[in-house]
Protein chains: 2
Amino acid sequence: MVSLDDVAKLAQVSPATVSRALSRPEMVAEATRERILQAARELGYQPNQLARSLRRRSSRTLGLIITDILNPFHATLAKGVQDAAEKHNYTVFLFNTDEDPEKEQRALNALRGHLPQGLLIVPTPKAKENLKLVPKLPTVELDRSSGTPGVRTVMVDNVGGARTAVQHLIELGHRRIGMIVGRLDISTAVERHLGYRETLATAGIPYSEKLVLPGNHREEDGRKAALALLTLPPEERPTALFVGNNEMTVGAVLAVRELGIRIPQELSIVGFDDSRWAATMHPALTVVAQPTYELGFLACETLLSSLSRGQPALPTSIRLDVSFIVRESTAPPDGFTNGLKQQRRKP
Amino acid sequence: MVSLDDVAKLAQVSPATVSRALSRPEMVAEATRERILQAARELGYQPNQLARSLRRRSSRTLGLIITDILNPFHATLAKGVQDAAEKHNYTVFLFNTDEDPEKEQRALNALRGHLPQGLLIVPTPKAKENLKLVPKLPTVELDRSSGTPGVRTVMVDNVGGARTAVQHLIELGHRRIGMIVGRLDISTAVERHLGYRETLATAGIPYSEKLVLPGNHREEDGRKAALALLTLPPEERPTALFVGNNEMTVGAVLAVRELGIRIPQELSIVGFDDSRWAATMHPALTVVAQPTYELGFLACETLLSSLSRGQPALPTSIRLDVSFIVRESTAPPDGFTNGLKQQRRKP
DNA sequence: GTGAAAGCGCTAACAA
DNA sequence: TTGTTAGCGCTTTCAC
């Protein structure tokens with residue numbers, strides 16, 4: 001590996017000058033600087049970030065911890081973070097926790113040793129505890145909040161998104177609206193659930209525990225919950241389903257197909273989080289769409305700008321708006337026609 | 001940050017002994033070791049990897065460069081790599097090139113400074129050139145090969161997969177089989193194309209350039225290519241389509257829908273690479289499925305095992321088998337009935 | 001504007 | 001078995 005000393009020798013200056021020429025060019029005479037840069041180019045010199053970081057006590061690296069890289073939502077988040085980091089010349093360490101608090105803990109410990117400048121994390125339910133491992137590390141939580149004091153969050157308007165979705169179903173004439181909610185120790189699930197309850201309450205529809213089933217955010221959980229809800233006796237069976245995340249929505253749709261129930265004629269479905277899958281399935285899914293890429297990008301920008309400003313940023317909480325995309329999976333319930341929406345049919 | 005010296009003081013030994021107790025425990029007396037470990041635990045000591053790596057000239061980090069994290073295929077690859085790396089206590093730097101050789105170059109340069117022990121890369125077409133930036137770095141290429149000498153590769157049997165797919169279509173009675181091939185400067189595309197040609201030749205079907213359109217691996221390219229192929233005059237129009245990657249398959253299916261062509265009655269489609277989307281779209285897609293996760297995992301294992309063995313591994317090339325999943329998107333061509341396959345219909 | 005020298009936190013000879 | 005010492009490659013005082 002060619003080192004700074006090699007460059008110094010070739011350029012006939014001291015190592016200190018080379019360092020300056022590279023890091024604070026204005027402190028070096030133009031001629032010398034040119035000579036040094038030329039030498040560096042010639043040798044293909046690349047600073048050893050390990051040495052630099054060790055000395056500077058600051059590393060231009062970030063940690064990114066997500067819970068499920070196979071979920072396109074998280075992959076998109078990662079891309080947003082990655083792009084923002086690269087824009088500012090930061091390098092990112094990637095960790096994937098599979099929603100497992102222990103993996104999160106290990107990730108945090110591994111990360112710690114690399115002295116990253118900041119952390120972007122989609123917290124598991126134990127994050128509040130785990131984050132104590134990195135007490136001084138500037139942190140931004142994405143998508144959900146662990147409730148850790150002093151930590152910034154960038155999230156979407158989950159309550160509003162849920163409200164819009166449920167309101168839409170109510171306006172179509174639905175009264176028995178089921179919800180497949182996520183784990184209630186994760187803030188997104190809590191908030192989406194809250195939006196659901198509030199909207200029902202506003203419309204004067206009583207909340208029924210029977211119609212709300214929790215799931216662990218996985219496809220299979222969505223499937224099971226949907227199966228349970230849709231095999232209730234006809235007079236209790238929901239006529240519409242609001243599903244709390246993308247993976248569970250997939251499961252729910254599969255369950256509906258297994259049961260031979262027609263969407264939207266016999267059941268309306270709204271999912272949370274858009275995806276290609278949602279847009280191209282048949283019938284295309286009505287969803288609450290999140291600005292996922294922006295979420296990641298903005299979270300990273302927020303973190304980096306607070307770093308460059310030096311002072312510890314205020315523990316702000318950013319909320320991004322969601323949008324509601326009406327496609328083909330929602331319609332008035334059976335025997336209820338108000339002409340609001342006609343389902344289309346492919347040729 | 002608590003350092004090794006702090007632990008040394010608390011345990012009343014020299015820093016060197018602490019270092020040994022942590023890195024080569026067998027070189028330290030049991031009692032001392034216990035005392036040191038206890039002290040380390042007490043202080044929540046975490047070794048500074050920067051200092052350690054600088055000194056050791058070796059870092060327990062890996063670089064992972066993929067071309068499109070938004071593509072589930074690549075996300076799955078990343079998870080495989082990640083899991084294998086974590087298993088061996090390696091940390092990974094993630095880069096995403098968007099198939100852009102310049103981004104690849106920047107990624108490689110950034111990586112270089114962090115002195116990773118190895119590199120896992122899905123190479124862009126310019127990788128052969130770019131990899132010269134890291135001449136000594138043990139490298140494994142995933143999914144495709146850049147043709148760089150001395151670099152190991154882990155790929156799937158693209159030729160075989162393509163053969164199976166095309167053979168399947170031929171057996172169904174198709175004679176005009178179109179292919180949407182990827183960029184021919186990417187090895188996977190070349191190989192899948194080769195399998196296609198060979199199989200046609202074996203079956204005595206003449207190769208027609210008109211039926212083979214290139215695409216840039218993106219959804220939109222698949223859409224355009226399909227549009228072009230399917231608007232050929234009826235007697236030239238392919239009755240079946242073999243699409244070279246997952247993203248382009250999505251585009252092709254969308255194009256088919258736009259044109260109001262029915263799958264599989266009027267057109268059979270086979271895609272390369274399975275996905276949830278392929279399995280749940282209607283009609284479900286017949287595909288060549290790849291062991292994607294295993295590809296990533298194995299590539300990383302291969303790399304790490306060569307690292308631990310010390311000697312520079314032989315530039316081996318590993319091929320994984322693909323499997324062929326027949327679902328609902330393939331059937332005999334119009335007016336050709338051989339009873340091999342009946343299309344199902346959802347209720 | 002430039003150089004000499006010290007030191008970031010750790011490990012690896014070498015000595016004891 | 002343990003301690004002393006030097007130094008990984010870089011940056012940053014402090015002199016000049």
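Order of the sequence lines fixes the chain letters, A, B, ..., with proteins taken first and strands second; residue numbering starts at 1 for each chain.
- Residue A:R24 has no polar side-chain atom (N or O) positioned under 4.0 Å from OP1 or OP2 of D:dT11.
- Among the protein residues, A:R33 comes within range of no part of the nucleic acid, since none of its heavy atoms lies under 4.0 Å from any strand.
- Of the two residues contacting DNA chain D, namely B:V28 and B:R57, the nearest-nucleotide position lying further toward the 5' end is that of B:V28.
- For B:L4, whose side chain is taken as the heavy atoms from C-beta onward, the closest listed nucleotide among C:dA12, D:dT4, C:dT11 is C:dT11.
- Of all heavy-atom pairs between A:L303 and A:R152, the closest is CD1-NH2, 4.0 Å.
- Between B:L54 atom CG and D:dC10 atom P there is a gap of 9 Å when expressed in whole angstrom units.
- A:S53 comes within contact range of no nucleotide atom at all, as no heavy-atom separation falls under 4.0 Å.
- In this structure, A:L22 atom CG and D:dT11 atom C1' are separated by 12 Å, rounded to whole Å.
- Checking the phosphate oxygens (OP1, OP2) of D:dT2, a side-chain nitrogen or oxygen of B:T32 falls inside 4.0 Å.
- Note: CD1 (A:I36) to C1' (D:dC10) measures 15 Å, nearest angstrom.
- Between A:L43 atom CG and D:dG9 atom C1' there is a gap of 15 Å when expressed in whole angstrom units.
- Here the side chain of B:S3 is nearest to one of C:dC10, D:dC8, D:dC10, namely C:dC10.
- Between A:S146 and A:E141, the side chains place a donor N or O and an acceptor N or O closer than 3.5 Å (distance only, hydrogens not considered).
- For A:R55, counting side-chain heavy atoms from C-beta on, the closest listed nucleotide (C:dT11, C:dG9, D:dT11) is D:dT11.
- Between the P atom of C:dG3 and the NZ atom of A:K9 lies a distance of 14 Å, rounded to the nearest Å.
- Distance CG (A:D5) to C1' (C:dA5): 13 Å, rounded to an integer number of Å.
- Nearest nucleotide to the side chain of B:A51, out of D:dG3, C:dA4, C:dG9: C:dG9.
- Contact annotation: B:T17 reaches the phosphate of D:dG3 (side-chain N/O to OP1 or OP2, under 4.0 Å).
- For A:N48, taking side-chain heavy atoms from C-beta onward, the closest of the listed nucleotides C:dT2, D:dC10, C:dG9 is D:dC10.
- For A:R56, a side-chain nitrogen or oxygen approaches OP1 or OP2 of D:dT11 to under 4.0 Å.
- Under 4.0 Å is where a charged nitrogen must lie from a carboxylate oxygen, and between B:E301 and B:K87 at least one such pair does.
- Salt bridge status for A:E102 with A:K126: absent, with no side-chain N to carboxylate O gap under 4.0 Å.
- Here C:dC10 presents its P atom at 9 Å from CG of A:L115, a figure rounded to the nearest Å.
- Closest non-hydrogen pair, A:T97 versus A:K103, comes out as O-CD, 3.4 Å.
- At least one side-chain nitrogen or oxygen of A:S23 sits closer than 4.0 Å to the OP1 or OP2 atom of D:dT11.
- Both B:Y45 and B:R20 sit near DNA chain C, but only B:Y45 has its closest nucleotide nearer the 5' end.
- As rounded to whole Å, 11 Å separates atom C1' of D:dC10 from atom CE of A:M1.
- Within the 4.0 angstrom heavy-atom criterion, base atoms lie near B:A16.
- Within 4.0 Å of A:M27, counting heavy atoms only, lies at least one base atom of the nucleic acid.
- Residues A:L115 and B:M1 meet the side-chain proximity criterion, which asks for heavy atoms closer than 4.5 Å.
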